[in-house]
Amino acid sequence: VIGVVIAKSQGLLVIRTRGGPRNVAVSQDTKILLPAGQEAGIADILRGAEVGVIGTFEGGGVLAAEVVVVIQRRPDQ
């Protein structure tokens with residue numbers, strides 16, 4: 001799933017996709033990569049960033065993220 005981060009709380013990202021908003025669960029096991037390939041944490045994902053998420057859909061339509069790749073940081077960064 002590819003989209004833009006519109007909200008973030010501990011363990012959860014909400015991303016805007018072409019199909020509408022998606023809830024993405026992020027755990028300690030989720031690998032997070034910045035555009036240059038460095039590993040990062042959820043704190044490094046800012047609202048407005050474009051991300052790609054690989055994971056498994058769980059109950060309630062929540063996507064359990066295995067990998068989150070920050071494609072582009074916010075335009076002002």
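Owing to the predicted nature of the structure, the values given are computational and were not obtained by experimental measurement. In what follows, every heavy atom counts, from backbone to side chain, and hydrogens, waters and symmetry copies are set aside.
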In Å and rounded to the nearest 0.5 Å, what is the CZ to OG1 distance from Arg22 to Thr17?
-> 5.5 Å

Sorted by chain and number, sequence neighbours left out, side-chain contact (heavy atoms from CB on, under 4.5 Å) with Val69 holds for Leu33, Val67

May I have the list of side-chain donor-acceptor pairs in residues 2-14 shorter than 3.5 Å, sequence neighbours left out?
unit_1: Lys8; atom_1: NZ; unit_2: Ile42; atom_2: O; d: 3.2
unit_1: Lys8; atom_1: NZ; unit_2: Ile45; atom_2: O; d: 2.8

Tell me, please, which residues at least two apart from Ala25 pass side-chain contact (heavy atoms from CB on, under 4.5 Å).
-> Val62

Would you say the side chains of Glu66 and Thr30 form a donor-acceptor pair under 3.5 Å?
-> no

Partners meeting side chain to side chain donor-acceptor pair (under 3.5 Å) with Glu58 (sequence neighbours left out) | none

Compare all side-chain heavy atoms of Val51 with those of Ile15 and state whether any distance is below 4.5 angstrom.
-> yes

Does any non-hydrogen side-chain atom of Leu63 lie less than 4.5 Å from one of Thr56?
-> no

Nearest heavy-atom pair of Ile71 and Gly52: which atoms, and what distance?
-> CD1-N, 3.7 Å

